[in-house]
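As the structure is a prediction and not an experimental result, all values here were calculated from the model.
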Amino acid sequence: MAVRHLSPVPDTELDAAQPANSEVVAISRGPESATERIRRLQWEARVLAAEQVEAVGAELEVLAARALEIAEGGEAYPAGVRELASRIAADLPEKAKTLLTILHRNGVGS
């Protein structure tokens with residue numbers, strides 16, 4: 001039996017042999033048309049935007065909980081700070097709910 005040897009190929013030769021923006025394409029589908037690519041990228045942008053809005057909603061809930069801790073913190077906090085934190089704690093959950101309602105009403109990623 002003959003023994004086969006692999007020859008090392010320098011990275012520079014590999015880089016020169018491949019196009020700069022190569023991507024994996026399913027053979028059964030063929031390459032994306034410009035229209036398909038635009039639709040896919042727009043869908044990805046909408047999904048990413050929805051994820052970001054959901055993250056903001058979750059962060060607003062966390063901030064509301066922290067504001068409530070301050071509002072109920074007693075004499076450790078000045079009266080004005082407690083009052084403002086109390087209003088923030090009451091307002092933020094509603095804002096978060098409104099934000100998420102608007103997001104889901106418009107359809108995430110559709």
Side-chain angles (χ1 to χ4, degrees):
M1 287 179 72
V3 178
R4 295 183 181 180
H5 296 281
L6 298 176
S7 302
V9 178
D11 287 342
T12 54
E13 288 182 30
L14 280 178
D15 292 341
Q18 294 180 340
N21 40 341
S22 62
E23 66 179 82
V24 177
V25 177
I27 294 174
S28 61
R29 287 188 51 215
E32 281 183 313
S33 70
T35 303
E36 291 170 335
R37 186 167 181 218
I38 289 169
R39 285 187 184 138
R40 180 181 53 81
L41 291 172
Q42 287 174 336
W43 178 82
E44 287 178 11
R46 284 191 300 270
V47 168
L48 222 96
E51 289 173 1
Q52 189 174 28
V53 170
E54 288 176 351
V56 167
E59 291 167 358
L60 288 175
E61 293 287 341
V62 169
L63 287 174
R66 183 169 296 167
L68 185 59
E69 289 174 3
I70 292 171
E72 297 173 345
E75 298 298 319
Y77 301 98
V81 170
R82 290 192 314 261
E83 175 62 31
L84 183 57
S86 175
R87 284 189 253 151
I88 290 171
D91 192 40
L92 285 184
E94 283 300 314
K95 300 290 185 193
K97 187 185 289 186
T98 302
L99 194 69
L100 294 175
T101 300
I102 293 169
L103 173 69
H104 294 297
R105 185 183 316 147
N106 290 324
V108 178
S110 53

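Counting heavy atoms from C-beta on, the side chains of Glu61 and Leu92 never come closer than 4.5 Å. Side-chain contact check for Leu48 versus Gln52: every heavy-atom pair is 4.5 Å or farther apart. Contact of the Glu54 side chain with the His104 side chain is registered, since non-hydrogen atoms from C-beta on lie closer than 4.5 Å.
For the residue pair Val53 and Leu103, the shortest heavy atom distance occurs at CG1-CD2, 3.9 Å. Contact detail for Ile88 and Pro93: the closest heavy-atom pair is O-CD, 4.3 Å. Smallest separation of non-hydrogen atoms from Gly57 and Ala96: O-CB, 3.6 Å.
Between Glu44 and Arg40, at least one side-chain nitrogen of the basic residue sits less than 4.0 Å from a carboxylate oxygen of the acidic one, meeting the salt-bridge criterion.
In this structure, the separation between CG on Leu41 and CZ on Arg46 is 10.5 Å, given to the nearest 0.5 Å. Remark: Arg87 CZ to Glu83 CD distance equals 4.5 Å, nearest 0.5 Å.
Residues forming a side-chain contact (heavy atoms from CB on, under 4.5 Å) with Glu75 (at least two apart in sequence, or on another chain): Arg82. Qualifying side-chain contact (heavy atoms from CB on, under 4.5 Å) partners for Ile70, counting only residues two or more places apart in sequence or in other chains: Tyr77, Val81, Ala85.
Legend: side-chain hydrogen bond (donor to acceptor under 3.5 Å, both in side chains) pairs involving residues 89-101, not counting sequence neighbours: none detected.
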